[in-house]
Amino acid sequence: QVQLVESGGGLVQAGGSLRLSCAASIRTLSLYFMGWFRQAPGKEREFVAAITRSSGNTDYSDSVRGRFTISRDSAKNTMYLQMNSLKPEDTAVYYCAAAPGGRVAVRAYEYEYWGQGTQVTVSS
């Protein structure tokens, strides 16, 4: 069983930055591909960014590409999402997710494990 715990959310003004972290409970996180999703009130959960287990490949949604950067540190069993130039429309609960394998996955159903989420609020 893999447990994921997000942290780093909070309230920030538009144009500001936040870095989210996702800590995993297992030592073999390097065998898992991982991703970030978000869900705003009244909206469906949407893909934000994904990274392969080797960090060799990443993918981003069009809405965050160029502003967000996904990374991981397998030695620390942690994944990160650096969010810059934040906009009010980035306001949502952000979730990290993981699944065993080597691909980049952009669909929620491809992920097996999920964190409980961290709130990000961007004020205008």
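- The number of heavy atoms from other shown groups lying within 6.0 Å of CD (Q3) does not exceed 12.
- Interatomic distance, OG1 of T91 versus CG of L86, reported as 8.5 Å (0.5 Å rounding).
- You'll find the side chain of V2 reaches within 4.5 Å of the side chain of Y32, heavy atoms only.
- Classified by interplanar angle (parallel below 30°, tilted 30° to 60°, perpendicular above 60°), the ring pair F68/Y94 is tilted.
- Within the 3.5 Å criterion, the main-chain N or O of N57 finds a donor-acceptor partner in the side chain of T52.
- In the hydrophobic cluster analysis, where Ile, Leu, Val, Met, Phe, Trp and Tyr join through side-chain heavy atoms closer than 4.5 angstrom, V122 is grouped together with V48.
- Between P88 and A14 the shortest heavy-atom distance is CD-CB, 4.1 Å.
- Minimum heavy-atom separation, S17 to Q82: CB-NE2, 4.0 Å.
- Each of L4 and F37 belongs to its own hydrophobic cluster when Ile, Leu, Val, Met, Phe, Trp and Tyr are linked at side-chain heavy-atom distances under 4.5 angstrom.
- Separation of atoms CG (L31) and CZ (R53) is listed at 6.0 Å; rounding is to 0.5 Å.
- Under the salt bridge (Lys or Arg N to Asp or Glu O under 4.0 Å) criterion, D59 pairs with R65, sequence neighbours left out.
- V93 and Y113 fall into different hydrophobic clusters, where Ile, Leu, Val, Met, Phe, Trp and Tyr are joined by side-chain heavy atoms under 4.5 Å apart, directly or via other members.
- Considering all non-hydrogen atoms of both residues, M34 and A98 come closest at CG-CB, 4.0 Å.
- For the atom pair CG of L29 and CE of M79, the computed distance is 8.0 Å after rounding to the nearest 0.5 Å.
- Here the CZ-OG distance, from R67 to S85, works out to 7.0 Å after rounding to the nearest 0.5 Å.
- Cation-pi geometry between R72 and Y80 is not met at under 6.0 angstrom from the ring centre and within 45 degrees of the axis.
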Quick one, L20 with M83, criterion side chain to side chain contact (heavy atoms under 4.5 Å, CB included). Give me CA distance, side-chain angles, the key distance, then yes/no. CA-CA 8 Å; L20 305 183; M83 306 186 296; 3.7 Å; yes
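- The shortest distance between side-chain heavy atoms of V120 and L18 falls below 4.5 Å.
- Rounded to the nearest 0.5 angstrom, S25 OG and Q1 CD are separated by 7.5 Å.
- Although no hydrogens or angles enter the test, the distance criterion places a donor-acceptor pair under 3.5 Å between the side chain of N77 and the main chain of I26.
- I51 places none of its side-chain heavy atoms less than 4.5 Å from the side chain of V104.
- Judged by the 6.0 Å and 45° rule, R38 forms no cation-pi pair with Y95.
- Checked against the 6.0 Å centroid criterion, the rings of W36 and F47 do not qualify as a close aromatic pair.
- Distance check, rounded to the nearest 0.5 Å: OH of Y111 to CZ of F33 gives 5.5 Å.
- In this structure, E46 places its CD atom where more than 12 heavy-atom neighbours from other residues, nucleotides or ligands lie under 6.0 Å away.
- A donor-acceptor distance shorter than 3.5 angstrom exists from the side chain of T78 to the backbone of K76, with no hydrogens or angles considered.
- A donor-acceptor contact shorter than 3.5 Å links the side chain of T118 to the backbone of G9.
- Applying the salt bridge (charged side-chain N to carboxylate O under 4.0 Å, His left out) test to every pair with at least one member in residues 95-121, sequence neighbours left out, gives these pairs: R103-E110.
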